[in-house]
Structures are given as structure tokens and as C-alpha cells.
Amino acid sequence: MGFSKVSKAIAGFLPVLLFLSTILNLAGPAKADNPIIQTLYSADPAPLIYNNRVYLFTGHDEDGSKDFDMRDWRLFSSSDMANWQDHGIVMNLATFSWASSRAWAGQVIARNNKFYYYVPVQQKSGAMAIGVAVSDNILGPYKDALGKPLVANNEIDPTVYIDDNGQAYLYWGNPNLWYAKLNSDMVSLNGNPVQVSLTTAGFGARRSGANSRPTSYEEGPWIYKRGSLWYLVYAANCCSEDIRYSTGPSITGPWTYRGVVMATAGASFTNHPAVIDFNGSSYFFYHNGALPGGSGYTRSVAVEKFSYNSDGTIPTLSMTTAGAPMIGTLNPYVRQEAETIAFSSGLKTEVCSEGGLAVSYINNNDYIKVKGVAFGTGAKTFSARVASGGSGGKIELYDLDDRVVSHQWGNGDAGPVLEVYGRGVGVFV
Ligand SMILES: *[C@@H]1O[C@H](CO)[C@@H](O)[C@H](O)[C@H]1NC(C)=O
């Protein structure tokens with residue numbers, strides 16, 4: 001039976017919940033799967049596929065931010081593009097002793113049986129620099145590889161890729177665009193950074209009324225290869241930004257401007273692209289301000305599935321609340337962590353004293369939706385690991401039409417075993 005862990009509820013709040021569902025057919029936001037993280041504001045998506053799972057690294061906008069107040073980097077993962085497991089904080093500003101603030105847009109790459117995380121941060125001197133952290137485990141902990149910046153030219157937004165011949169490249173930059181070769185140790189540069197010549201043939205003309213720069217290129221590059229073509233996707237025009245891209249015959253270009261991937265939309269004046277292929281389909285990650293309280297400083301990561309045109313060009317994509325379709329199903333007969341969420345409302349996650357994460361800050365009517373749960377011929381019991389810092393609480397499981405079950409427990413209760421009737425349950429707390 002599905003097994004979920006939820007502990008350390010806040011005094012006076014209701015602890016716990018967990019749900020199992022096939023398809024939710026409820027009105028309102030429960031139908032949405034975008035934004036794909038609801039327990040905090042997230043930005044600057046950087047997915048990495050590893051062991052048939054999408055690991056989504058993001059930045060984190062503090063609640064109520066009125067500026068880019070970003071202090072740590074977060075990780076989520078999914079094997080189905082709909083239910084995302086929260087892995088918590090993988091790195092924060094304190095990881096870099098020479099950094100003072102601005103835990104901004106980074107990217108992780110795997111090599112040498114390690115994971116390398118390139119991020120821009122503000123140095124104590126005030127200038128921006130790019131640091132690199134390393135971990136033996138994709139989940140972290142990530143440690144500063146150098147004890148100093150990898151590159152310090154007061155520019156931001158690193159993206160990294162390993163070319164077919166094994167040569168790794170780092171691209172980055174705002175307002176300019178730079179690249180450098182990385183040595184195979186991934187933590188040192190091979191040669192000096194090269195500044196890319198920004199021409200309108202390569203990067204398009206800036207929208208009139210936008211800030212004055214030579215081309216549409218603004219920031220947030222994401223580089224990758226598909227077939228024999230290299231793609232450089234980036235935030236363009238400021239502000240508000242849209243997403244544009246260029247292609248080239250090699251990782252160093254020359255670049256040809258290809259147009260808009262995603263128009264300006266969605267309550268955030270920045271956007272930030274990432275593109276992956278997973279399970280035979282292509283996905284575009286971005287951010288907007290679509291959560292309640294969302295804005296240019298309280299952003300949320302979202303994803304859309306897309307197909308390349310036959311000539312390799314990328315279609316123009318819109319922001320949706322539906323998000324990407326689910327791949328396969330979720331198995332409720334093995335333990336699933338409570339922090340595996342297709343959509344939720346009102347909740348946070350926190351480090352659990354027993355290890356991993358717990359869902360917390362649960363109030364009346366908060367819920368988690370878990371999507372595409374394969375109950376097979378039906379389930380008889382539901383187990384959840386729960387705790388209350390207050391006077392206990394109640395879990396309700398919902399299906400497509402009716403509430404299926406409620407259970408009450410008190411403080412110190414070891415946790416409920418719930419009877420779940422019926423099958424094909426859509427869920428909800
Ligand atoms: C995609 O995922 C489904 C369900 O897990 C699996 O059966 C299928 O083989 C996968 N396809 C590809 C191309 O990886």
C-alpha cells in the first residue's frame with residue numbers, strides 16, 4: 001500500500017496527509033500540474049537526466065521577496081513528469097565561503113562519476129562570479145570544489161555541455177555572452193574565456209522599447225546538441241523577457257538566430273529556459289509568476305512537452321496550467337514519500353529528524369494531489385507515517401466524486417491505517 005511519511009507538524013496545525021489518485025476531475029487548481037512546485041517559489045530550472053529520472057535543480061525565491069532574494073538551491077525529481085519528489089536544499093550560499101548573496105541560476109552535469117554544479121553568486125567584493133561545487137551523489141551534499149570562483153568576470157548564468165569529443169564547454173553571461181573550455185577535471189578552465197560576438201544575424205534584433213543592447217540576447221543561456229545541430233536557448237529582450245534561440249554547426253557557433261520559443265507572459269519579468277529529451281519526448285522548462293503571490297521575485301518553475309519541427313526548429317510554446325502529460329503510472333504498493341507531489345496547496349516541506357523530508361505546515365483544506373496512481377483491482381488499506389505537534393488532525397482521501405475516507409488521530413498516535421474503498425481513486429486531502 002502507499003506509504004507516506006509526514007512528521008513534525010507545527011503546533012496547532014493539522015498534521016499529515018497523502019493521497020493517491022488516478023485522474024483528478026476536480027474544479028480549480030487541482031486540475032493543474034503547472035507550476036510543478038507549489039511548496040515554495042522556484043526559479044531558473046536546470047534539469048538533468050540520470051538513471052531514467054529527471055532531476056530538476058532550481059533556485060529558490062524567498063517567500064514575500066521584493067528583490068532577487070535567493071539563498072539556496074533546491075532539487076526535485078520525477079520519473080513520470082507529473083509527480084515530483086522534493087529532495088530539499090542541495091547547496092546554499094554558505095557552500096561558497098567567498099560568496100555573500102545571490103544564489104542564482106546554475107546547472108549540474110555528470111562526469112567522472114561525480115556531479116558538478118555551476119552557479120553564479122555575488123562575491124563579498126560585490127562583483128558576480130561563477131563557482132563550481134561537486135558531489136559524489138546527485139542528491140548532494142555539494143561542496144565548493146575550489147574555495148574560490150571558477151570564473152570571475154562579473155557575469156552570470158552558467159550552462160555546461162560535453163561535446164562529442166569529450167571536450168566540456170561552459171557558456172555564461174549577462175549582458176555579454178562568453179564561453180570557455182573546461183578541463184576534464186571540470187573545475188578548471190582550458191584557456192581564456194572567449195567573448196561571443198553578438199550580432200543580429202546570430203541573436204536577433206532587440207524589441208524596440210527594450211533596454212539598449214546590441215541584440216535580443218539578455219541572459220540565461222542553455223546549450224545542447226540534437227542530431228548534428230547545436231542549440232543555444234536564452235532569455236531575450238528585457239524587460240519583460242521572452243525566450244529565443246539560435247542554432248549552429250558547432251558548440252562554438254557560428255550562431256544563426258532562429259526566433260521566439262516562448263513569448264513574454266506569466267507575471268514574471270524574467271524567464272529562464274531549459275530543454276531536455278526524456279522517455280522519447282522533448283520538454284521545455286521555464287518559470288513564471290503563476291503561484292498565488294507570484295511575481296517577478298516570487299517565481300515558479302513550469303514545464304511543457306513539445307515536438308521539434310521536422311527541420312529541427314522549435315515551435316513557439318505557450319505557458320499552460322496543464323503542464324506535461326504524465327508518463328506511465330505511479331505505484332501505490334511501494335512506499336511513496338509524502339513529498340512526492342503532482343500539485344498541492346498550502347503546504348511546505350522540511351527536513352525530517354528521521355532523514356529525508358516531511359510535509360509540514362498543514363492547515364485545514366490544504367491538499368496534495370498525487371497523479372496517475374495505479375491501484376489495479378483496488379486497495380483496501382492506506383498507510384501514512386504521521387506526527388502532530390498539536391492536537392492531532394484528520395486525513396481525508398478523495399476520489400473523483402466523493403470523499404472516500406476520513407480518519408482522526410490524536411497526539412502521540414502512531415499513525416492511522418485507513419480503509420480506502422473503491423478503486424481508481426482520485427485523491428486529495
Ligand atoms: C517511457 O516510459 C514508459 C512507462 O514507464 C515505458 O514503458 C517506455 O518504455 C518508456 N519509453 C521510452 C522511449 O523510454
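Being a predicted model, the structure only gives us computed values, none of them experimental. Counting convention: from 1, in listed order, for ligands and their atoms alike. Residue numbers start at 1 and run along the sequence shown.
- By the definition of a contact as any protein heavy atom under 4.0 Å away, atom 7 (O) of ligand 1 is not in contact.
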Item to complete: Starting from the C-alpha separation in whole Å, work towards a yes-or-no answer on side chain to side chain donor-acceptor pair (under 3.5 Å) for Asp366 and Ser345.
Response: CA-CA 5 Å; Asp366 290 351; Ser345 178; 5.0 Å; no
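- For Asn309, the CG atom counts as densely surrounded, since its 6.0 Å shell holds more than 12 non-hydrogen atoms of other residues, nucleotides or ligands.
- Using a 4.0 Å cut-off between heavy atoms, Ile327 contacts ligand 1 through its side chain alone, with no backbone atom that close.
- Of all protein heavy atoms, the one lying nearest to atom 1 (C) of ligand 1 is Asn279 ND2, 1.7 Å.
- Among Trp230, Tyr171, Trp222, the one residue that satisfies the side-chain contact (heavy atoms from CB on, under 4.5 Å) test with Tyr161 is Trp230.
- In this structure, atom 14 (O) of ligand 1 is in close contact with the protein, since a protein heavy atom lies within 4.0 Å of it.
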Enumerate donor-acceptor pairs with a distance under 3.5 Å from any side-chain N or O in residues 247-255 to protein atoms, sequence neighbours excluded.
| residue | atom | partner | partner atom | Å |
| --- | --- | --- | --- | --- |
| Thr247 | OG1 | Arg258 | NE | 2.8 |
| Thr247 | OG1 | Arg258 | NH2 | 3.3 |
| Ser250 | OG | Thr252 | N | 3.1 |
| Ser250 | OG | Thr252 | OG1 | 3.2 |
| Ser250 | OG | Gly253 | N | 3.3 |
| Ser250 | OG | Gly253 | O | 2.6 |

